[in-house]
Amino acid sequence: MSSSKTVLVTGGAGFIGSNYCRYVLKNHPDYRVVALDALTYAGNLSTMADMQNNPETAPRFKFYPGKIQDETVVNGIIKAEKIDFIVNFAAESHNDRSILDPGSFIQTDVYGVFTLLDAVRRHGVERMCHISTDEVYGTIDDGQFTESSPIEPNTPYSASKAGGELQVRAHRITYGTPTVITRCGNNFGPFQYPEKLIPFFVSRLIDYKKVPLYGSGQQVRDWVYVMDHCSGIDHVLHYGVTGEAYNIGSDCEKPNIDITHRLLKLLDRPESLIKQIGDPRGGAHDKRYSIDASKLKSIGWKPAYNFEEALESTVRWYLDNQSWWRDITATSDYQQFVASFYGKYLGEDL
Ligand code: NAD
Ligand code: TYD
């Protein structure tokens, strides 16, 4: 494609960030990838090990531990590595944790974004792609969100993501900072931390544990396979119009109960493992997300994966890579979170 570039991927030890590092190393053989990650509970060195240990990718991949809100770290990396592009995935990303501890979300998802924007401006970085979410739009009963839908977030997580986006917008308008924004639906795929719906349920079902379905299970999410999200981000990074936001979606709306039944079927587990519980999110539980991605499609992107096949291969990945997620589910942080969030709902089924 284009000439050689060095891409700083923040949050590169997390789910989507690590998959994006893989995507760039594979699809841009002349690019270097520099990952920056604070290695919070959600970021793991094991998630990047394949890229660091593969002799074909290792010379083009480098990892720095650190926080995006640490300006010394961020400015130092941009200078030392001669960064051309920044793709910002670093975030506190789980709605349920944002209900327990909203403050940490503002630190990373708002202040951290400001730090990156400030560094982009100082160092003349060519472009920053900020990874946002469809959740900034809030919930929609009918129709689909377009990029001009109002920003109406309902949870501390989505409000912090909206705050980060507004920093991006303001820097673009005030300083002319070269930015683009993406907003994607719910992702699934390999290396997703086992607290989100699909990997949480798969890891529990593998062990014949009950899965807590919130409320009616009728809430609808617009699912996107992670590698389609990565190709969409890469398309926006290279071909998006500066200052614009792009939805990324593959028209795949499913209620949570339907996802749960599919997982039971793929793993050959009985219906009795579903435990319908009260709704821990209460009024903050968004009923439906639905994304119109025609703006991105109009500049040449389209999703490549079939939902059923991608879900099956994701379940297969969790069956084949049990040491990756069992190392996580064995940590005290994970066990404390699950006990404190689900204890009163699951009781002896915890
Ligand atoms: P994740 O929680 O798996 O990964 C986040 C990564 O960021 C982790 O490796 C963590 O250690 C790192 N991190 C957290 N705080 C940091 C900080 N202050 N400095 C540096 N690194 C830090 O999340 P994910 O699911 O991979 O999501 C990545 C991005 O995509 C997020 O910005 C999220 O809002 C967005 N997004 C996610 C989804 C989804 O379905 N998962 C959908 C749309 C958008
Ligand atoms: P989640 O994966 O946390 O993503 P998000 O909050 O960003 O949509 O949740 C997806 C849906 O699944 C959401 O409607 C809440 C529901 N859910 C459950 O029913 N049980 C669970 O244990 C989890 C984690 C989620």
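In each ligand, atom 1 is the first atom listed, and ligand 1 is the first ligand listed. Computed from a prediction, not measured in an experiment: that's the story for all the values here.
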(request) Answer yes or no for Gly66: is there a heavy-atom contact with ligand 1 below 4.0 Å? (result) yes

(request) Pick, from Tyr157, Tyr214, Phe200, the option with the minimum heavy-atom distance to atom 25 (C) of ligand 2. (result) Tyr214

(request) Would you mind running through ligand 1 and noting each atom that sits below 4.0 Å from a heavy atom of Ser93? (result) 1 (P), 2 (O), 23 (O)

(request) Give the residue, atom name and distance (to 0.1 Å) of the protein heavy atom nearest atom 12 (O) of ligand 2. (result) Asn256 ND2, 3.4 Å

(message) For Tyr208, does the six-membered ring have the charged nitrogen or CZ of Arg269 within the cation-pi criterion, i.e. under 6.0 angstrom from the centroid and within 45° of the normal?
(response) yes

(message) For the 3.5 Å polar cut-off, considering only N or O atoms, please tell me whether Trp223 and ligand 2 meet it.
(response) no

(request) Could you find the nearest protein heavy atom to atom 15 (C) of ligand 2 and give me its residue, atom name and distance? (result) His285 NE2, 3.5 Å

(message) I want to confirm something. Looking only at heavy atoms, which of Tyr41, Phe89, Phe15, Tyr289 is nearest to atom 3 (O) of ligand 1?
(response) Phe15

(request) Let me know which of Asp134, Asn247, Asp251 forms a side chain to side chain donor-acceptor pair (under 3.5 Å) with Gln144. (result) Asp251

(message) Just to confirm my output: which protein heavy-atom neighbour is closest to atom 38 (C) of ligand 1, and how far is it?
(response) Ile16 CD1, 3.6 Å

(request) Can you see which heavy atom on Gln335 is nearest to which on Thr329, and at what distance? (result) NE2-O, 3.0 Å

(message) Show me which atoms of ligand 2 lie under 4.0 Å from any heavy atom of Phe201.
(response) 20 (N), 21 (C), 22 (O)

(request) Around atom 10 (C) of ligand 1, find the nearest protein heavy atom and jot down its residue, atom name and distance. (result) Thr40 OG1, 3.3 Å

(request) Check the pair Tyr193 / Tyr41 against ring pair (Phe, Tyr, Trp, His ring centres under 6.0 Å), numbers first and verdict last. (result) CA-CA 9 Å; Tyr193 191 88; Tyr41 80 90; 5.0 Å; yes

(message) Can you check which of Leu213, Asp222, Asn186, Leu346 brings a heavy atom nearest to atom 4 (O) of ligand 2?
(response) Asn186

(message) How far is atom 8 (C) of ligand 1 from the closest protein heavy atom, and which atom is that?
(response) Asp37 OD2, 3.5 Å

(message) Determine whether the aromatic ring centres of residues Tyr31 and Tyr23 are separated by less than 6.0 angstrom.
(response) no

(message) Under 4.0 Å from a heavy atom of Asn95: which atoms of ligand 2 are those, numbered in the order shown and with their elements?
(response) 5 (P), 6 (O), 7 (O)

(request) Check whether Tyr289 and Ile131 end up in the same hydrophobic cluster, where Ile, Leu, Val, Met, Phe, Trp and Tyr are linked by side-chain heavy atoms less than 4.5 Å apart. (result) no

(request) For atom 1 (P) of ligand 2, state which one of Arg281, Gln219, Gln276 supplies the nearest heavy atom. (result) Arg281

(message) At under 4.0 Å between heavy atoms, is it the side chain or the backbone of Tyr342 that contacts ligand 2, or both, or neither?
(response) side chain

(request) Dump the intermediate steps for side-chain contact (heavy atoms from CB on, under 4.5 Å) on Phe337 and Thr331, then the final yes or no. (result) CA-CA 10 Å; Phe337 167 69; Thr331 60; over 6 Å; no

(message) Minimum distance, heavy atoms only, to atom 5 (C) of ligand 1: which one of Gly189, Gly11, Ala91 is it?
(response) Ala91

(request) Quick one: look up the protein heavy atom nearest atom 8 (O) of ligand 2 and list residue, atom name and how far away it is. (result) Arg221 NE, 2.7 Å

(message) Are any of the N/O atoms on Tyr289, whether in the backbone or the side chain, positioned under 3.5 angstrom from an N/O atom of ligand 2?
(response) no

(request) Distance to 0.1 Å, residue and atom name: give those for the protein heavy atom nearest to atom 40 (O) of ligand 1. (result) Asn187 N, 2.8 Å

(message) Distance under 4.0 Å to a non-hydrogen atom of Asn186: what atoms of ligand 1 satisfy this?
(response) 40 (O)

(message) Which residue and atom name correspond to the protein heavy atom nearest atom 2 (O) of ligand 2, and how close is it?
(response) Leu197 N, 2.8 Å

(message) If the contact criterion is a heavy-atom separation under 4.0 Å, does Gly185 count as touching ligand 1?
(response) yes

(request) Say whether Tyr157 and ligand 1 are in contact under the criterion: heavy-atom distance to a ligand atom below 4.0 Å. (result) yes

(request) Among all protein heavy atoms, pick the one closest to atom 7 (O) of ligand 2 and tell me residue, atom and distance. (result) Glu135 OE2, 2.4 Å

(message) Is the contact between Glu195 and ligand 2 made by the side chain, the backbone, both, or neither, using heavy atoms and a 4.0 Å cut-off?
(response) backbone

(request) Starting from atom 4 (O) of ligand 1, find the nearest protein heavy-atom neighbour and note its residue, name and distance. (result) Gly14 CA, 3.5 Å

(message) Just to be sure I'm reading this right: ignoring hydrogens, which of Ser93, Ser98, Pro212 gets closest to atom 20 (N) of ligand 2? Compare them by their nearest heavy atoms.
(response) Pro212

(request) Count the heavy atoms belonging to other residues, nucleotides or ligands that lie under 6.0 Å from CD of Glu81, then report whether that count exceeds 12. (result) yes

(request) Work out whether the distance between some heavy atom of Gly112 and some atom of ligand 1 is less than 4.0 Å. (result) no

(message) So, 4.0 Å and heavy atoms of Thr10: is ligand 1 close enough to count as a contact?
(response) no

